[in-house]
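Only heavy atoms go into these numbers, but all of them, side chains included; no hydrogens, no water, no symmetry mates. Below, read A as the first sequence line, B as the second, and so on, with proteins coming before strands; counting in each chain starts at 1.
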Amino acid sequence: MASDLRLVEAVKATLGEEMARDESVVLYGEDVGVAGGVFRATDGLLDEFPNRVYDSPLGESGIVGAGVGLAAAGMRPVAEIQFQSFLYQGFAQLQQHASRLRSRSRGGFSCPITIRTPYGGGIHALEHHSESFESGFAHVPGLKVVIPSSPAEGKGLLAASIRDPDPVVFMEPTRLYRSLRESVPDDDHVIPLGEATVAEEGADVTVVAWGSMLQRTLSAVDDVDADVEVVNPRTIYPLDTDTITESVKKTGRCVVVHEAPETAGFGAEIVSRITETAFYHLEAPPERVTGYDVPVPMFAREDAYLPDEKRIAAGIRRAVET
Amino acid sequence: MASDLRLVEAVKATLGEEMARDESVVLYGEDVGVAGGVFRATDGLLDEFPNRVYDSPLGESGIVGAGVGLAAAGMRPVAEIQFQSFLYQGFAQLQQHASRLRSRSRGGFSCPITIRTPYGGGIHALEHHSESFESGFAHVPGLKVVIPSSPAEGKGLLAASIRDPDPVVFMEPTRLYRSLRESVPDDDHVIPLGEATVAEEGADVTVVAWGSMLQRTLSAVDDVDADVEVVNPRTIYPLDTDTITESVKKTGRCVVVHEAPETAGFGAEIVSRITETAFYHLEAPPERVTGYDVPVPMFAREDAYLPDEKRIAAGIRRAVET
Amino acid sequence: MPRTTVAEFSVESLEILAPDGSVDEDLEPSLSEETLFDIYRTMRRARRLDERAVALQRRGELGTYAPGTGQEAAQVGSAAALAEDDWVVPAFREQAALLTRGASMGSILAYAMGLEEGAETSAEDRALPPAIPVGSQALHAVGIGWAQAIRDEDAAAIAYFGDGATSTGDVYEALNSAGAYGAHTVFLCQNNQYAISTPRENQTRAGTLAQKAVAAGIDGIQVDGNDALAVYEATQRALDQAREGNPVLVEALTYRRSMHTTSDDPRKYREEEEEVDWDRKDPIARFEAYLRGRGILTDERVEELAAEIEAELEDAVADARETAAEADPADMFEYAYAETPPWLERQAAASRGGGDADGE
Amino acid sequence: MPRTTVAEFSVESLEILAPDGSVDEDLEPSLSEETLFDIYRTMRRARRLDERAVALQRRGELGTYAPGTGQEAAQVGSAAALAEDDWVVPAFREQAALLTRGASMGSILAYAMGLEEGAETSAEDRALPPAIPVGSQALHAVGIGWAQAIRDEDAAAIAYFGDGATSTGDVYEALNSAGAYGAHTVFLCQNNQYAISTPRENQTRAGTLAQKAVAAGIDGIQVDGNDALAVYEATQRALDQAREGNPVLVEALTYRRSMHTTSDDPRKYREEEEEVDWDRKDPIARFEAYLRGRGILTDERVEELAAEIEAELEDAVADARETAAEADPADMFEYAYAETPPWLERQAAASRGGGDADGE
Ligand SMILES: Cc1ncc(C[n+]2csc(CCOP(=O)(O)OP(=O)(O)O)c2C)c(N)n1
Ligand SMILES: Cc1ncc(C[n+]2csc(CCOP(=O)(O)OP(=O)(O)O)c2C)c(N)n1
Ligand SMILES: [Mg+2]
Ligand SMILES: [Mg+2]
């Protein structure tokens with residue numbers, strides 16, 4: 001059985017199911033209780049699990065830090081950070097503790113915390129509400145970084161993240177929260193972390209994209225006179241290098257698309273890995289179609305900042321025509 | 001005239017000169033006053049400039065955040081963060097404010113703060129004392145990221161950073177603080193930000209390295225049966241892509257060396273840029289010789305984590321022999 | 001002395017104007033009629049601006065907007081106490097405080113239209129742009145107030161933040177380091193009872209927010225935040241202390257009468273009764289009664305003012321629309337750095353060309 | 001009521017054992033002779049461990065080490081008050097507290113040799129590894145204490161941190177959220193007067209650190225931190241409160257008699273006189289006088305103990321050296337994730353092979 005759900009609904013359903021499945025799962029974060037979260041991703045869960053959903057005081061360092069303690073004491077904390085930008089307030093706890101509790105204790109402890117956070121642009125939000133720092137998080141060993149690109153992935157990847165024994169930053173693309181409906185399995189549906197998927201097969205060029213950029217890529221492809229293969233990594237760290245490499249070995253050309261600024265973005269990592277693993281198959285320089293190296297502008301200029309179908313198509317054309 | 005100085009001495013001398021040059025320069029940070037800093041990089045400056053050197057309360061968010069205010073009010077704050085790991089505590093202020101004060105005010109304000117921070121491994125320090133997050137900082141538009149690799153660069157780049165109208169994260173390799181002496185010009189010595197330098201010329205392969213890895217690279221080169229060109233970027237952001245590209249166009253081969261974990265490290269950015277700008281000149285896949293994707297281990301295992309001459313030489317050989 | 005009391009503290013509360021507009025004459029500050037009228041005028045302007053902004057948002061012309069309705073006395077009363085050289089460091093709901101300091105309605109609307117133009121400020125304005133990350137701006141006010149102390153100048157900085165912000169490490173580090181540095185800083189906490197849906201009781205066990213000052217060893221005072229006179233008076237005194245290097249935390253008790261932002265629905269988390277209760281304590285009605293009692297306001301003047309405000313609003317809307325129409329996206333490249341780095345210049349060129357130019 | 005006092009607070013201080021060893025009998029806790037001797041014994045072990053560790057560091061066998069000399073009563077007195085199921089969350093100077101909870105000297109030395117083996121702990125040990133980032137660990141103790149509250153269990157967690165840490169946002173967020181969550185958490189602040197070179201007065205204007213609790217609306221108490229009985233008693237009561245969901249901050253006034261760490265030279269920032277002053281208040285001498293007064297200690301027993309400690313130390317040094325000798329660098333790959341990701345596996349393989357294997 002399956003239901004037609006939006007991403008935010010899939011997230012909520014999954015949270016409920018995982019709480020029912022495992023008593024040690026607790027939800028907390030700013031406004032996740034009574035209000036059900038600013039995007040309503042936890043709506044109704046406080047009623048369903050009265051002693052397991054908590055409104056936290058404001059303060060993201062506190063949220064991440066307390067999560068480390070909850071995890072050490074045997075809970076499976078699922079924290080919501082209201083917008084990804086505010087996870088910077090908790091970055092020290094993430095880097096110094098959540099990611100290292102296992103290694104620092106030589107495996108005596110693990111830190112199975114899941115930090116859910118809406119990310120990315122495209123919904124005309126306030127300043128600081130459109131960040132995508134997946135590359136920075138992926139540069140923190142000990143963390144996993146997961147980004148679903150559809151409602152069904154939202155469910156399968158969130159379930160896997162909550163069950164994962166290591167800390168996961170789970171980044172939910174705000175632009176997809178309500179804009180997309182999809183059939184989502186009602187039963188236990190788990191997508192293993194670290195496995196990419198080929199969203200569209202093609203022979204001429206490989207495009208790697210995630211989050212709301214995946215949808216844009218899929219529609220940009222229609223405008224391009226080439227047979228495009230689209231790979232959706234789903235997990236940013238650990239990255240499924242094999243799937244990407246295989247695709248590039250087949251197509252010989254590659255484009256990476258992401259919202260984050262180009263410099264030191266995760267596109268750089270993907271380009272580097274491809275260049276290392278598929279060098280002799282590359283027929284043209286890999287392309288990056290990304291945000292610019294400027295602070296994400298406020299929303300009136302957001303469209304000019306975010307890669308759109310036109311820029312993506314142009315990037316693909318460059319890769320194909322070179 | 002010039003003096004033979006160690007890096008930490010060059011830093012101290014430069015701080016004194018810049019304070020003498022510009023009244024609006026103030027120094028502050030934990031233990032920088034009476035004690036002269038944990039590495040003694042500010043030793044004596046409180047006596048010399050009694051009202052312009054301050055011991056701050058413990059708290060890096062407070063240090064960075066107060067710096068934004070000092071800058072807005074017309075000062076040129078130079079803050080010391082005791083070890084780079086603790087800049088994570090101030091990361092939100094760095095990302096949300098220091099880097100954006102200019103863009104958020106449409107140029108009405110600038111944020112000429114310099115954040116000096118010791119970074120990197122190799123001195124058998126405590127846990128969390130050997131971080132190198134230059135890639136994460138470089139992924140924050142609006143910031144500049146500068147890493148000197150010698151005493152003279154320490155002076156020239158620090159002077160440029162303090163005088164720069166934009167915020168600079170100035171990362172000082174702890175391993176070079178006292179291990180290297182060099183002739184440092186006594187006069188005004190400024191190395192413009194954004195300009196790489198060729199540390200050693202060669203024809204067979206380009207190696208890009210910075211911080212304490214530069215010295216290691218220079219000595220590793222002796223063990224390699226190839227004519228190696230070594231490029232020292234000096235500024236991580238903005239990166240002098242042209243100098244690196246030109247070198248790679250000449251040699252056709254490239255190795256990037258850094259301490260930080262490989263994934264999403266700045267090596268990825270350099271490899272990507274090279275692949276974009278010098279694709280048709282590349283004769284072998286670029287190599288990365290870096291830290292591993294694990295939390296920097298405690299010092300007993302540090303040598304196995306940090307790239308050493310052997311690993312660097314092996315990387316160069318792979319690049320040359322492929 | 002095996003068991004001794006080593007320190008004692010208390011938190012005082014100040015009220016001057018009762019909800020019905022009657023005044024405690026012993027405490028009444030001596031303000032000119034002009035100043036009093038200005039306070040009233042600005043509160044009214046802010047209230048109408050909120051209404052108009054919400055309407056524009058509903059029509060899709062504005063993005064998310066955070067109304068300050070109900071908090072006008074806390075903002076205008078405090079900002080009116082500032083000297084010309086003093087600095088304002090706002091959070092994201094301080095339209096009323098900014099209007100008091102001379103910001104235009106047009107720029108406020110432009111900001112809500114997602115335009116950086118609306119946040120364009122400089123040292124001459126003595127104001128920082130709005131701050132969205134909760135609590136973060138308190139530290140900027142410390143830096144500014146500390147710069148005044150270092151340069152031995154007289155100016156002070158006022159930081160605005162809410163009840164929710166008092167739970168953040170940044171606000172605490174701000175209070176504490178302001179004390180340590182002797183910064184010329186006043187912290188104006190508008191306790192409007194909610195941080196989005198989270199009621200103040202859930203933020204902290206502390207009975208007052210003013211007592212957060214105790215942790216920093218600085219003075220804290222509570223004030224009726226719907227009483228413009230009390231807020232003015234308390235801020236004035238706090239500024240005087242701050243100019244001497246003694247920072248102060250002022251907790252203004254008020255109520256966010258409207259939604260958190262235009263994306264919020266307060267019905268999810270609070271009862272209408274509570275809202276009605278607070279309606280009766282409205283800061284503008286109270287102040288109006290007081291001014292009428294003193295003969296400063298008449299029906300005529302009130303009507304005149306309303307008409308002026310409508311005209312100002314129309315102009316502001318027109319201005320903001322013009323700013324929007326003229327906004328050049330390429331500005332984002334211009335204001336990232338003083339000098340645009342080459343790789344970014346390349347990106348800018350590619351964006352002009354519509355693609356990314358990589359080629360060798 | 002125009003100007004009213006709305007809240008009052010006070011901070012109490014507790015002392016039981018005077019520096020000369022004389023006891024306030026009204027307050028003297030009733031501890032068994034065994035417990036008293038154990039406290040003494042552990043303080044002595046910790047002191048000797050410090051001496052030995054510093055000597056080993058000077059010889060190059062250890063890395064940076066942070067001695068707890070002078071703080072033994074604060075650490076052992078508090079840790080001794082914990083129930084078996086209670087959790088310890090240390091900073092980086094809590095060797096004495098960890099010894100009290102059963103950690104071995106060998107593991108402490110191994111940690112100082114830069115070996116993760118020395119920080120190997122698990123839920124069974126009810127202890128987290130040392131925390132270097134100042135203040136950060138206080139939040140972990142909140143999470144642990146909160147988990148107890150959620151599961152309605154009786155255990156509590158104690159977080160150790162210093163005077164410097166009380167300036168950090170993390171410690172404040174910890175105090176505040178512990179109150180908000182009703183966490184079973186006790187915050188044990190060892191005010192040893194310095195954060196590296198920074199004297200406590202420069203950290204904050206607050207006259208006591210116990211009053212930081214006021215900001216969180218939780219109880220704070222000051223205690224003579226060189227008085228093991230007072231620390232025990234205050235911690236005991238604090239734990240009782242915490243088990244009911246009422247977290248408490250205990251400020252133990254003590255002194256870091258030695259250097260900050262082995263890389264520090266206190267002569268840069270403090271006078272010898274001050275040190276001599278505090279020598280007289282030494283926690284071990286005082287406790288020894290008390291135990292001798294009560295007939296629990298004799299010269300013979302003291303000598304016996306000294307010999308036992310030397311033997312323990314020798315074994316510990318041997319153990320640590322053995323751990324060092326056996327340490328496999330490849331462990332770093334094993335403990336990064338529960339399951340090593342493929343790209344990391346590749347790195348591990350390359351590290352074994354001595355190079356990086358990229359090839360297609
Ligand atoms: C650091 C940070 N965390 C979370 C948010 C999301 N957020 C925006 S406003 C708000 C509540 C703020 O409450 P308060 O400080 O009382 O100010 P008010 O909105 O009542 O004016 C939250 C949680 C944010 N902007 N910044
Ligand atoms: C977040 C952070 N900032 C800076 C440091 C460097 N540092 C190590 S110990 C210390 C002082 C700590 O003082 P206190 O909390 O009083 O503890 P004590 O050393 O006296 O035990 C500092 C600044 C650190 N470890 N962590
Ligand atoms: Mg509020
Ligand atoms: Mg201390």
Side-chain angles (χ1 to χ4, degrees), chain C residues 1-18 23-27 135 166-182 198 201-218 220-222 224 227 230 246-247 251 253, chain D residues 1-18 23-28 135 166-182 198 201-218 220-222 224 227 230 246-247 251:
Chain C
M1 304 180 302
R3 207 184 170 94
T4 47
T5 298
V6 289
E8 288 185 311
F9 315 95
S10 64
V11 172
E12 299 219 317
S13 177
L14 182 67
E15 293 169 34
I16 300 181
L17 211 54
V23 67
D24 184 320
E25 286 172 8
D26 292 343
L27 295 170
T166 65
S167 297
T168 66
D170 271 6
V171 164
Y172 170 72
E173 290 196 14
L175 297 172
N176 192 63
S177 61
Y181 295 140
T198 309
E201 303 79 60
N202 292 359
Q203 286 295 340
T204 181
R205 273 200 198 187
T208 69
L209 300 181
Q211 78 199 54
K212 305 262 172 190
V214 171
I218 66 173
I221 182 173
Q222 211 180 49
D224 180 343
D227 167 355
N246 299 309
E251 176 191 6
L253 285 169
Chain D
M1 305 180 300
R3 208 184 169 93
T4 46
T5 299
V6 289
E8 288 185 312
F9 316 95
S10 63
V11 172
E12 299 219 318
S13 177
L14 181 68
E15 292 170 34
I16 299 179
L17 210 53
V23 67
D24 184 320
E25 286 173 8
D26 293 343
L27 295 170
E28 188 178 6
T166 66
S167 297
T168 65
D170 271 7
V171 164
Y172 169 71
E173 290 196 13
L175 297 173
N176 191 64
S177 61
Y181 294 141
T198 309
E201 304 79 60
N202 292 359
Q203 285 296 339
T204 181
R205 272 199 198 187
T208 69
L209 300 181
Q211 78 199 53
K212 306 262 171 190
V214 172
I218 65 173
I221 182 173
Q222 212 179 50
D224 181 343
D227 167 354
N246 299 309
E251 176 190 8

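Nearest heavy atom pair, residue D:Ser10 against residue C:Glu8, reads CB-CG, 3.8 Å. Heavy-atom minimum distance, C:Gly179 versus D:Arg205: O-NE, 2.7 Å. In terms of heavy atoms, C:Ala215 sits closest to D:Thr204 at O-OG1, 3.8 Å. Here the closest non-hydrogen pair linking D:Phe9 and C:Val11 is CE1-CG2, 4.0 Å.
With a 4.5 Å cut-off on non-hydrogen atoms, C:Ser177 does not touch chain D at all. Of the atoms belonging to C:Thr208, it is side-chain heavy atoms, and not backbone ones, that fall under 4.5 Å from chain D. Heavy-atom distances place the backbone of C:Gln203, and not its side chain, under 4.5 Å from chain D. For chain D, the nearby part of C:Gln222 is the side chain; its heavy atoms alone come within less than 4.5 Å. Heavy atoms closer than 4.5 Å to chain D are found nowhere in C:Leu209, neither backbone nor side chain. For C:Ala216, the part sitting under 4.5 Å from any heavy atom of chain D is the backbone (N, CA, C, O) and nothing else. Contacts of C:Ile16 with chain D are absent, with no heavy-atom separation under 4.5 Å from either backbone or side chain.
Counting heavy-atom pairs closer than 4.5 Å to chain C, the top residue among D:Leu175, D:Thr168, D:Ile218 is D:Thr168. Contact count against chain D (heavy-atom pairs under 4.5 Å) is highest for C:Asn176 among C:Thr5, C:Asn176, C:Asp224. Among the candidates D:Asn202, D:Asn246, D:Leu17, the residue making the largest number of heavy-atom pairs closer than 4.5 Å to chain C is D:Asn246.
Under the 4.5 Å side-chain criterion, counting only non-hydrogen atoms from C-beta, C:Glu12 is in contact with D:Arg3.
To the nearest 0.5 angstrom, D:Glu173 atom CD is 9.0 Å from C:Glu173 atom CD.
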